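Notes for the one structure printed next.
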Amino acid sequence: MRKSGAEIFCESLRREGVKTVFGLPGGVVLKLFDVLCQQKDIELVLTRHEQGAAHMAEGYAKATGKAGVVLVTSGPGMTNIVTGLADAYMDSVPLVAFTGQVSTDLIGNDAFQEADNVGISRPCTKHNVLVKDVNDLAQTIKEAFYIATSGRPGPVLVDIPKDVSIAKAEFRYPDKISLRGYSPSMGGSKQHIRQAAEEIMKAKKPMIYVGGGAIFSNAADDIRELAEITQIPVTMTLMGLGSFPGTHPLSLGMLGMHGGYWTNMAMHHSDLLIAVGARFDDRVTGKLSEFCPEARVIHIDIDPTSIKKTFHAHIPIVGDVKAVLRQMNVMLRSMDGNPVKMRAYRAPWLKQIAEWQAAHPLSYKQDDKIIKPQFVIEKLFELTKHEAIVTTDVGQHQMFAAQYFKGTKPRTWLTSGGLGTMGFGFPAAIGAQKAFPEKLVLCITSEGSFQMNLQELVTAAEHKLPVKIVLLNNGVHGMVRQWQDLFYEGRYSASILGKMPDFVKLADAYSVKGLRALKPSEVEPVLKAGLKHKGPVLMDIHTDPFENCYPMIPAGGAQHEMMLEDPPELNRGKKGGAQKRKVDEGEGVLPA
Amino acid sequence: MRVREFFQPDDQRMEHIISILVENKFGVLARVAGLFSARGYNIESLSVAATLDPTTSRITIVTVGDDRIIEQIMKQLNKVIEVLEVVDLTETHFLDRETALIKVHTKPEHREEAVRIADIFRAKIVDSSLTTYTIEITGDVDKVEALINMLKPLGIRELIRTGRIAIARETTRTASPRREPALLKS
């Protein structure tokens with residue numbers, strides 16, 4: 001039977017098992033939306049801005065491992081999702097974005113709402129295609145989902161002109177596809193895996209360094225097995241958090257710019273680095289020429305471009321992390337790898353790391369007048385018993401959350417790592433909540449990031465998605481302010497947010513419950529009430545505007561040269577720029 | 001490999017001829033060129049045309065970089081979905097050719113000299129006017145540049161070069177790279 005392009009589109013989504021589409025309509029996609037609204041088993045979440053749709057799809061994809069789906073119109077609809085595409089590309093999030101395009105006979109004529117969607121998105125997608133013939137549509141959609149979710153996942157954009165969505169063609173959905181130029185390698189070289197296993201057994205001061213790739217490949221169990229049979233400590237990148245339980249004795253938490261002192265010291269002194277689905281990002285390595293100077297490097301990654309891109313690898317293993325680790329663990333066991341024996345062998349190394357940790361643990365000075373952001377995250381961690389999907393935005397609150405919310409499961413820590421997109425967290429939380437309506441979804445954010453996509457409050461309210469927003473409101477762009485304090489002589493250029501909305505009233509306007517804490521004593525009641533509330537909640541928690549995030553490797557600094565606290569000469573906000581923000585006084589908005 | 005060796009100084013830069021087999025679809029060239037520009041890598045010359053199989057095209061790129069940059073270029077090219085094969089011909093025995101069309105000024109007293117120079121290089125004069133000759137030369141890059149240098153004193157009005165194309169010698173087929181694990185696609 002011949003079907004229209006729009007019918008082919010919907011039927012193809014069904015064949016891919018798509019349940020939810022995030023999007024916003026417009027002129028050239030009317031036909032697609034018209035047919036979509038007639039589908040009983042595919043739900044459309046109408047967002048209030050296309051960027052929200054892209055980040056929701058990202059949150060959905062990160063939480064489930066399935067491709068997130070976005071549908072927006074041409075021109076501004078497409079340009080509004082560019083940030084989401086770039087974010088998904090940097091963090092390897094499987095996303096399939098459908099954009100409308102003007103009719104094929106108008107392309108290139110500067111038609112109304114025309115943009116070169118394929119041209120604009122080329123550098124920030126894994127692949128993109130303009131469908132010029134309705135006969136190619138089903139095949140293209142099949143390929144898009146395959147490319148987005150296989151190998152190193154990433155966003156794929158499919159551009160559908162208006163006339164293609166209307167034209168008719170015979171519908172044939174391919175069962176399988178093979179692409180001439182694309183066949184991700186999975187297994188890894190046996191010889192290299194064996195060589196790696198031998199080095200792992202011998203090493204005296206090894207480290208496992210896990211990135212986001214471990215999460216996409218569902219390798220959490222294999223990493224745990226590797227760590228336990230070899231008794232090697234595990235550190236995670238921001239993207240890798242959750243791939244190994246943060247509460248495990250072998251976990252050293254996050255490494256890098258705001259990683260633990262003991263973690264970075266252990267990296268610096270290690271003699272063998274087992275990099276698992278990580279890419280030696282500059283926030284991880286600090287000054288490259290002084291990064292892990294003693295270490296032999298085993299690098300497991302599905303993307304060959306990640307290997308030897310910024311740092312050398314003695315044993316490169318190109319393959320799927322899970323598939324490689326499975327083989328490696330079998331070999332390690334056959335080489336007499338077992339926890340009891342290895343624990344004795346690694347004892348001096350683990351003892352050394354424990355000493356570093358005892359010397360400089362994560363710490364902050366509690367205060368009885370002003371709320372410390374770390375205290376809020378600690379409380380949250382305690383009250384939720386670590387059972388939550390956590391999304392964050394970008395900045396100080398993100399680093400505090402990474403340090404203090406020690407997640408235990410993969411796909412429960414959703415953050416914007418590579419691109420560092422403020423405005424990601426809240427829509428991502430909505431996407432994750434849509435995927436898991438029964439789970440507790442927390443959005444840890446700040447007033448700066450939250451205001452970048454706050455319009456989606458109404459989306460959460462409309463779809464009754466009970467996202468819990470924990471807004472650490474310090475009235476400043478905290479990380480910028482911290483750098484200005486440390487490196488720009490305290491001149492607060494554009495980092496003080498002068499006028500602030502009343503977030504409780506704002507929440508009320510969007511039919512979302514609002515709560516506020518101004519004093520440390522109010523934190524726990526507000527968090528408790530917020531977590532207990534059935535619907536979406538915005539908890540506006542006023543925190544110390546001058547708290548800095550430590551440890552810190554200054555940009556360009558070496559990994560072992562961390563700042564552990566404010567330097568004594570720190571001269572805050574004294575040398576021009578905007579004035580300090582006044583500390584809020586009075587009572588918070590507490591649960592009745 | 002020691003850490004220091006990985007961070008090589010600039011003087012390790014070498015010229016490489018990279019031969020890329022791609023699907024013959026619109027946008028592929030933009031994608032290939034884009035990955036060079038996005039990373040600040042140079043393209044010295046680029047030539048592209050269909051192969052025997054009309055569904056594929058061959059792109060020949062001459063680029064300059066140290067080993068690390070060339071390795072990244074090769075891997076990044078391999079990552080492009082429509083790229084079918086990538087070979088660094090510089091690592092094999094290969095032949096390369098370039099064609100140039102050179103329009104030279106020819107004052108009456110120089111016309112004979114121009115013909116003589118063209119003869120020495122087995123170049124052809126493919127067009128002439130009262131004041132110019134247009135000389136066509138095909139050869140490796142040294143030959144083309146030698147001719148250009150010889151003609152410069154006469155006065156070159158216009159110079160058009162095709163950029164280099166290259167083919168592997170004898171049994172090494174241009175289309176089959178030695179596939180090391182590190183060069184597989186992701």
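As the structure is a prediction and not an experimental result, all values here were calculated from the model.
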Inset, instruction - Decide yes or no on side chain to side chain donor-acceptor pair (under 3.5 Å) for Arg180(A) and Thr56(B), but give the supporting numbers first. - result: CA-CA 11 Å; Arg180(A) 285 203 284 182; Thr56(B) 64; 5.7 Å; no
Please say whether more than 12 non-hydrogen atoms of neighbouring residues, nucleotides or ligands are located less than 6.0 Å from [atom1] in [X].
| X | atom1 | value |
| --- | --- | --- |
| Arg161(B) | CZ | yes |
| Glu109(B) | CD | yes |
| Lys103(B) | NZ | no |
| Lys142(A) | NZ | yes |
| Gln191(A) | CD | no |
| Arg39(B) | CZ | yes |
| Arg164(B) | CZ | yes |

Inset, instruction - Report the C-alpha distance between Arg152(A) and Lys79(B) in whole Å, list the side-chain angles of each, state the deciding distance to 0.1 Å, and finish with yes or no for side chain to side chain contact (heavy atoms under 4.5 Å, CB included). - result: CA-CA 10 Å; Arg152(A) 179 177 179 176; Lys79(B) 209 169 146 175; 4.0 Å; yes
Inset, instruction - Over all heavy atoms of both residues, which pair between Pro304(A) and Lys75(B) is shortest? Give the atoms and the distance, please. - result: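 So the two residues come closest at O-NZ, 2.8 Å.
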Taking the side chain as every heavy atom from C-beta outward, state whether [X] and [Y] have any pair of such atoms under 4.5 Å apart.
| X | Y | result |
| --- | --- | --- |
| Glu82(B) | His127(A) | yes |
| Lys308(A) | Gln72(B) | no |
| Arg31(B) | Asn128(A) | yes |

Inset, instruction - Go through the atoms of Ala38(B) and report whether side chain, backbone, both or neither lie under 4.5 Å from a heavy atom of chain A. - result: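 For Ala38(B), no heavy atom lies under 4.5 Å from chain A.
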Legend entry - chain A contact via Thr55(B) - which portion, at a heavy-atom distance below 4.5 Å: both
Inset, instruction - Test the Lys132(A)-Phe26(B) pair against the cation-pi criterion, namely NZ or CZ under 6.0 angstrom from the six-membered ring centroid and within 45° of the ring axis. - result: yes
Output the distance between atom [atom1] ([X]) and atom [atom2] ([Y]), rounded to the nearest 0.5 Å.
| X | Y | atom1 | atom2 | value |
| --- | --- | --- | --- | --- |
| Leu179(A) | Glu23(B) | CG | CD | 7.5 Å |
| Tyr182(A) | Asn78(B) | OH | CG | 13.0 Å |
| Ile73(B) | Thr305(A) | CD1 | OG1 | 13.0 Å |

Inset, instruction - Take Ile81(B) and Glu143(A) through the side chain to side chain contact (heavy atoms under 4.5 Å, CB included) test and state the conclusion after the steps. - result: CA-CA 11 Å; Ile81(B) 308 281; Glu143(A) 288 176 6; over 6 Å; no
Legend entry - Contact origin within Ile147(A) toward chain B - heavy atom pairs under 4.5 Å: side chain
